[in-house]
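Input: a single structure, listed below in structure tokens.
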Amino acid sequence: MRSAPAKPDPLALLRWYDRRRRALPWRARAGETADPYAVWLSEIMLQQTTVEAVKPYFAAFLARWPDVAALAAAPQEEVMKAWAGLGYYARARNLHACARAIAARGAFPREQRELLALPGVGPYTAAAIAAIAYDAPVVAVDGNVERVVARLFAIERPAREAKAELREQAQSLFPGRRAGDFTQALMDLGATVCTPRGPRCGDCPFHGACAAERSGDAEAFPVKPPKTQKPERRGAAFVLLSDGAALIRTRPPRGLLGGMAEFPSTPFRADFDPRKARAHAPAAAPWRELPGMVEHVFTHFSLRLTIFRATLPPPRPGIENCRWTELGRLEAEGLPTLMRKVAAHAGLGLE
DNA sequence: TACCCGTGGCG
DNA sequence: TCGCCAAGGGT
């Protein structure tokens with residue numbers, strides 16, 4: 001009779017972490033205490049976002065707003081501009097609201113329940129802050145940890161359906177000390193060894209104690225839900241120029257690209273009718289349809305935009321809900337990537 | 001509960 | 001080239 005498979009040893013993971021932990025700008029060095037502000041800021045930026053994409057934004061935010069009081073005192077518009085290009089703009093809105101809430105109450109809450117009540121802070125982020133900044137005995141479960149745990153225990157259901165089980169199993173691994181290190185160790189393991197594709201099981205501190213590895217196909221976990229096709233939408237954007245300036249406006253505060261600057265545009269729709277595009281133009285002008293389209297892929301649809309361009313002689317007219325921005329200052333407007341593509345397509349630079 | 005919400009890099 | 005996917009949260 002075969003011996004029972006080894007159980008995962010959490011202390012082996014901590015030993016691995018002590019050797020292989022990543023040095024990250026928001027992470028305290030070994031033995032030092034993390035700054036709650038830096039932990040919170042980084043955790044918000046890292047939501048669904050890669051480490052490399054976050055690094056320059058984190059540095060810029062920390063340099064400009066070195067503590068939560070400074071961020072709370074900033075105009076929301078400035079925060080949105082500084083966030084431009086990072087995506088998921090509701091995060092920036094919530095970040096600012098959260099900074100004001102924290103400044104108003106005087107300090108970061110330490111309790112997970114209070115953290116959870118903050119805007120933009122969900123179950124993962126609350127647990128991460130509690131564990132990393134305050135050493136609370138909780139395991140934060142992000143996509144990395146879900147993957148590690150799904151493999152360790154060969155969980156057959158997709159992560160979406162198995163959230164509760166994944167959290168319970170992750171928490172069951174907690175060794176009872178070094179909570180911040182343990183959570184970050186699981187995440188580092190998922191990011192560098194137990195990767196979505198091509199996991200390096202031979203380098204894993206759980207080698208020999210992982211059910212997915214024993215199955216012979218660790219990569220098959222976590223089980224993926226069936227993929228659905230991404231629909232296509234279309235629309236048009238209008239680039240109006242006059243006397244060295246371009247016409248822009250601010251999008252509504254919620255929804256797609258909420259609160260971000262844009263060139264006046266039609267709604268983006270599956271049933272967009274190009275013949276009616278000109279009816280959405282911000283002003284009467286000698287509009288010319290440019291050849292080609294701007295293509296962009298969002299989370300849940302892909303977009304093809306027709307670009308219209310026109311030039312008006314000075315003086316520049318006032319146009320409702322819009323403003324003129326000098327071409328040299330377009331960069332400082334904090335255009336989201338889609339609108340940077342529009343600018344480039346219209347020959348305004350911003351490649 | 002499902003759906004909504006960006007972006008850039010990688011195999 | 002293109003689908004996949006990364007430290008999720010809000011509604």
Side-chain angles (χ1 to χ4, degrees), chain A residues 21-22 24-27 34 38-58 80 83-95 97-98 115-133 139-148 158-161 163-164 166-167 170 180 182-192 194-199 219 222 224-231 233 251-260 262 268 295-303 334-341:
Chain A
R21 69 200 300 261
R22 292 176 292 175
L24 299 171
W26 43 86
R27 186 176 274 182
V39 172
W40 164 69
L41 179 61
S42 67
E43 290 298 342
I44 302 299
M45 288 184 166
L46 286 161
Q47 288 168 5
Q48 299 290 286
T49 307
T50 58
V51 164
E52 289 308 312
V54 164
K55 281 178 178 175
Y57 285 87
F58 178 79
M80 302 301 289
W83 196 275
L86 199 54
Y88 284 134
Y89 297 100
R91 291 185 297 171
R93 209 165 50 239
N94 288 328
L95 182 84
C98 188
L115 288 164
L116 201 49
L118 296 169
V121 177
Y124 161 74
T125 305
I129 295 171
I132 297 169
V139 176
V141 179
D142 72 334
N144 286 309
V145 180
E146 285 183 354
R147 183 171 58 256
V148 170
R160 264 291 225 286
E161 301 174 21
K163 290 273 185 204
L166 289 164
R167 278 181 197 159
F182 189 72
T183 270
Q184 294 179 93
L186 279 172
M187 292 194 281
D188 275 21
L189 186 70
T192 64
C194 193
T195 48
R197 283 167 295 188
E219 195 172 306
K224 296 171 191 63
K227 55 176 176 287
T228 61
Q229 193 187 338
K230 196 166 283 194
R233 297 188 197 176
R251 289 177 63 85
R254 298 175 183 280
L256 187 74
L257 305 176
M260 301 302 290
E262 70 164 1
F268 308 148
E295 300 186 5
H296 193 70
V297 180
F298 291 102
T299 312
H300 54 297
F301 67 93
S302 56
L303 177 67
L335 295 176
T337 297
L338 170 64
M339 293 299 155
R340 294 179 70 92
K341 289 182 181 178

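Chain letters run A, B, ... following the sequence lines, proteins first and then strands; every chain starts at 1.
- Mapped onto DNA chain C by nearest heavy atom, A:Thr50 and A:Thr125 fall at different nucleotides, with A:Thr50 at the one closer to the 5' end.
- A parallel orientation is assigned to the rings of A:Phe298 and A:Phe268, their planes being inclined by less than 30° (bins at 30° and 60°).
- Taking the side-chain contact (heavy atoms from CB on, under 4.5 Å) definition, one finds that A:Pro123 meets it with A:Leu116, A:Arg167, sequence neighbours left out.
- In this structure, CD of A:Glu146 is placed 13 Å from P of C:dC5, rounded to the nearest angstrom.
- Annotation: proximity of residues 42-49 of chain A to DNA chain B (heavy atom, distance under 4.0 Å) is found for A:Gln48, A:Thr49, numbered in ascending order.
- The nearest whole Å value for the distance from the CD atom in A:Glu295 to the C1' atom in C:dG3 is 15 Å.
- For A:Arg91, there are no salt bridge (charged side-chain N to carboxylate O under 4.0 Å, His left out) partners at least two apart in sequence or on another chain.
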Which atoms of nucleotides 1-5 of chain B (N or O only) lie under 3.5 Å from a protein N or O atom, and what are those distances?
unit_1, atom_1, unit_2, atom_2, d
B:dC5, OP1, A:Leu256, N, 3.2
B:dC5, OP2, A:His300, NE2, 2.4

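- In this view, A:Arg27 and A:Tyr17, A:Arg21, A:Arg22, A:Leu24, A:Gln184, A:Asp188 satisfy the side-chain contact (heavy atoms from CB on, under 4.5 Å) rule, not counting sequence neighbours.
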Please assess A:Lys341 against A:His296 for the test side chain to side chain donor-acceptor pair (under 3.5 Å), listing each intermediate value before the final yes or no. CA-CA 8 Å; A:Lys341 289 182 181 178; A:His296 193 70; 2.9 Å; yes
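- Residue A:Gly85 is classed as a sugar-phosphate contact, given heavy-atom separations below 4.0 Å to backbone atoms only.
- Residue A:His296 has no polar side-chain atom (N or O) positioned under 4.0 Å from OP1 or OP2 of B:dG6.
- As judged by a 4.0 angstrom heavy-atom cut-off over every strand, A:Val145 is placed among residues making no nucleic acid contact.
- By the side-chain hydrogen bond (donor to acceptor under 3.5 Å, both in side chains) test, A:Thr125 is found to be paired with A:Gln47, residues two or more places apart in sequence or in another chain being considered.
- Between the C1' atom of C:dG9 and the OH atom of A:Tyr124 lies a distance of 13 Å, rounded to the nearest Å.
- Within 4.0 Å (heavy atoms only), A:Lys341 reaches no atom of the nucleic acid at all.
- One can place CZ of A:Phe298 at 17 Å from P of C:dG3, the figure rounded to the nearest angstrom.
- Closest to the A:Arg197 side chain, of the nucleotides B:dG6, C:dG8, C:dC4, is C:dC4.
- By the 4.5 Å heavy-atom criterion applied to side chains, A:Val145 and A:Tyr124 are not counted as neighbours.
- In this structure, A:Trp26 reaches the bases: a heavy-atom distance under 4.0 Å links it to at least one base atom across the strands shown.
- When rounded to the nearest whole Å, the span between CG of A:Leu116 and P of C:dG8 equals 16 Å.
- Take A:Lys163 and apply the salt bridge (charged side-chain N to carboxylate O under 4.0 Å, His left out) test, not counting sequence neighbours, and it matches A:Glu146.
- Across all strands shown, A:Arg254 has heavy atoms under 4.0 Å from sugar-phosphate atoms exclusively, and none from any base.
- One can place CZ of A:Arg147 at 12 Å from C1' of C:dC4, the figure rounded to the nearest angstrom.
- Atom C1' of nucleotide B:dG6 and atom CE of A:Met339 are separated by 13 Å, given to the nearest angstrom.
- Remark: A:Ala84 engages A:Met260 in a side-chain contact (heavy atoms from CB on, under 4.5 Å) (not counting sequence neighbours).
- Sorted pairs that involve residues 116-126 of chain A and meet salt bridge (Lys or Arg N to Asp or Glu O under 4.0 Å), not counting sequence neighbours, are lacking altogether.
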